[in-house]
Amino acid sequence: MQTDIEIARLTPLQPIAAIAAKAGIPESAIEPYGRHKAKVDLTALPTQPDRGPGHLILVTAISPTPAGEGKTTTSVGLADALNLTGRKTMLCLREPSLGPCFGQKGGATGGGHAQVVPMEDINLHFTGDFHAITAAHNLLAALLDNHIYWGNGLGIDVRRVVWRRVIDMNDRALRQIVQSLGGTGNGFPRESGFDITVASEVMAILCLARDLDDLRVRLGRIVVGYTRDRQPVTAAELKADGAMAVLLKEAIKPNLVQTLGGNPAFIHGGPFANIAHGCNSVIATRAALGLADYVVTEAGFGADLGAEKFFDIKCRQAGLAPAAVVIVATVRALKMNGGVAKADLGREDVDAVNRGAVNLVRHIENVRQFGVPAVVAINHFGTDSDAEIQALRAIAGTHGVQAILCSHWAEGGAGATELADAVAALAEAGSAQFAPLYDDGLPLFDKIKTVATRLYRAGHVDAEPAIVAQLARFEAAGFGHLPVCIAKTQYSFSTDPTALGAPTGHPVHIRDVRLAAGAGFVVAVCGEIMTMPGLPRVPAAEAIGFDDAGRIEGLF
């Protein structure tokens, strides 16, 4: 069987100028990075569509499992299928991080015959956006430490510095460090650490900013630490916002590439779906809505994390109104939710599908709470039996949702035309009545409780008095109107990653809260969440290299 990278290489790519023309972007507005990828000048992109905005389609999924769901692959296949059926469509995805590429997860450009290309470039450095974000983030860290070293005129309490450094790599050795050792000339020693670049608030800001001016203002609002009397100190007070914005002047421009079907795709930004909102940039999404009749985008992890943050953070801030949702599910993943071990997933087990389908049903119910109609995409695997597929379809139908078998991995857009027709019908019916889950005016703790009880089905939500007091200080400082971003495990509706299926009545304990004033949300950390992953025992990096012809191999 051909690997993803082999399939990608066998498909002739169109010049990026031809892809831009297909999207309605003039050649004068593109800044090519080689033959097959380009930045797009912001001044050439529509921000308010003249002809009425296109239909926004969100692709989300059931809770992720080691069996695989294929959310990005389905997003690409759906976009190709919509174009194949005569509907002008653009795809909007996140950029991959180097950490997972060299770790265990692999790249994030889809798979099989449903990929965005050039996949090697996209997965490795791309147009340098993540490096620019890393530099801007670490510039702020350097200016912060420099300010403290030269007299600390703002009175920053070095015990309450919250701005860490970042690197776009999985490196567990950097999670917790002691910095500034070696004498007085190196500054004041203190504990700190590194996060992975996709967890940086600068990344979230880039993806939520409307334009370059908004980017600079948001960067200035970043809280880097607190004074002894717990007053916040911002990047603007350190006079860092201007230089940070300058470092990001190219990164803020969307990246244009193509699918294997020769259709245009924006790939721009890549915030974590735990510590941040897990969606591509607002700039790319809004531009695509002005260029196409349909825009297919995705959100990270399952619908309880990515879709909720897409609705409650991205759509709320950007004024977006999604027309339909695709929930990706696989027979394999549902069997795993039903208690089947990964090694046994190839054997038919209809009862396990029925048991595990409670996870799918929960996600259907959750999406419905936002007032957006949904369809289920069954991402087909060769080991799926007809009886298992029929069981999945019947369960979805019982809950008022159509489940459609898709073979886009094997056939590209041609394998998802039925899904494309169903999605278009939902969008064109105009039945969506989108609304966020909670109002801006609700207290922060009540916002957290709303998400935890209504979407996670938690029985109890609690926090230590110090956490409740910190939320009160956020509100007193004028941040009470912000949405909340709950960071928890992606593998379960609970905070226990081993609790598969659809647990109910479980406790949710808030162990930390963090203010992302620039991005515009308050993070509530529940359970053990890692912002600097580690490499597995056998990293994917060990298999990556060049073949005899000098071509990259081992990426997946």
Side-chain angles (χ1 to χ4, degrees), residues 13-27 29-31 36-42 44-59 71-95 108-110 114-118 122 126-127 207 253-270 279-299 310 314-315 318 320-326 408 412-413 416-417 419-420 423-424 426-428:
L13 302 188
Q14 299 179 35
I16 197 62
I19 297 299
K22 189 171 186 178
I25 301 170
E27 186 172 1
I30 65 170
E31 302 168 6
H36 302 122
K37 57 187 186 290
K39 286 284 186 183
V40 182
D41 188 344
L42 293 183
L45 292 174
T47 56
Q48 296 293 336
D50 295 331
R51 55 170 178 72
H55 299 294
L56 181 59
I57 312 299
L58 173 69
V59 178
K71 188 169 66 245
T72 302
T73 304
T74 302
S75 298
V76 179
L78 173 59
D80 279 346
L82 285 164
N83 277 301
L84 193 63
T85 53
R87 303 168 174 107
K88 186 177 182 182
T89 302
M90 284 198 70
L91 178 66
C92 289
L93 299 176
R94 292 181 294 171
E95 300 177 47
T109 54
Q115 297 186 58
V116 282
V117 282
I122 296 168
F126 201 18
T127 57
C207 289
K253 300 173 183 177
N255 306 297
L256 181 68
V257 292
Q258 62 191 286
T259 68
L260 287 180
N263 295 306
F266 281 138
I267 299 187
H268 194 214
C279 310
N280 74 294
S281 76
V282 166
I283 288 174
T285 304
R286 292 184 65 84
L289 286 168
L291 293 165
D293 298 321
Y294 292 85
V295 174
V296 176
T297 192
E298 70 172 11
F310 174 83
K314 179 174 179 176
C315 289
L320 300 174
V325 172
V326 176
H408 43 275
T417 54
L419 176 65
V423 167
L426 279 181
E428 291 165 6

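Note that these values count all heavy atoms, side chains included, but never hydrogens, waters or copies made by symmetry. Quick caveat: nothing in here was measured; it's all calculated off a predicted structure.
Summarising the local packing, CD of Glu27 is surrounded by 12 or fewer heavy atoms from other residues, nucleotides or ligands at distances under 6.0 Å.
The closest donor-acceptor contact from the side chain of Lys39 to the backbone of Leu256 lies at 3.5 Å or more, if one exists at all. Judged by distance alone, the side chain of Lys22 and the main-chain N or O of Gly262 form a donor-acceptor pair under 3.5 Å. Using a distance-only test at 3.5 Å, with no hydrogens or angles considered, a donor-acceptor pair links the side chain of Gln258 to the main chain of Gln14. Side-chain atoms of Asn83 do not come within 3.5 Å of backbone N or O of Asn263 as any donor-acceptor pair. With hydrogens and angles ignored, the 3.5 Å screen pairs no side-chain donor or acceptor of Thr89 with any backbone N or O of Ala79. In this structure a side-chain-to-backbone donor-acceptor pair under 3.5 Å is present from Lys314 to Asn280. A distance-only check finds no donor-acceptor pair linking the side chain of Thr74 to the backbone of Thr72 [under 3.5 Å]. Although no hydrogens or angles enter the test, the distance criterion places a donor-acceptor pair under 3.5 Å between the side chain of Arg286 and the main chain of Ala318.
The minimum heavy-atom distance between Ala324 and Ala427, with the atom names listed, is CB-N, 4.5 Å. Pairing each heavy atom of Val257 with each of Val117, the nearest pair is CB-O, 3.4 Å. Minimum interatomic distance between Ala284 and Cys92 (heavy atoms only, all atoms of both residues): O-SG, 3.8 Å. Closest approach of Ile16 to His36, counting heavy atoms only: CD1-O, 3.7 Å. Contact record, Ala265 with Val116: CB-CG1, 4.1 Å, taken as the closest heavy-atom pair. Nearest approach of Pro254 to Phe266, heavy atoms of both residues: CB-CD2, 3.8 Å.
When side chains are defined from C-beta on, Val326 does not count as touching Leu58, because their heavy atoms never get closer than 4.5 Å. A heavy-atom distance below 4.5 Å is not found between the side chains of Ile57 and Val295. Two residues are said to be in side-chain contact when any heavy atoms from C-beta on lie closer than 4.5 Å; Asp41 and Leu45 fail this criterion. Contact annotation: the side chain of Leu93 approaches that of Ser75 to within less than 4.5 Å [non-hydrogen atoms, C-beta and beyond].
Distance check: Lys253 NZ to His268 NE2 gives 10.5 Å after rounding to the nearest 0.5 Å. Atom CG of Leu91 is separated from atom OG1 of Thr297 by 7.5 Å, given to the nearest 0.5 angstrom. Rounding to the nearest 0.5 angstrom, the gap separating the CZ atom in Arg87 from the OH atom in Tyr294 is 5.5 Å.
Using modelled atom types and a 3.5 Å distance limit, the side chains of His408 and Thr73 yield no donor-acceptor pair.
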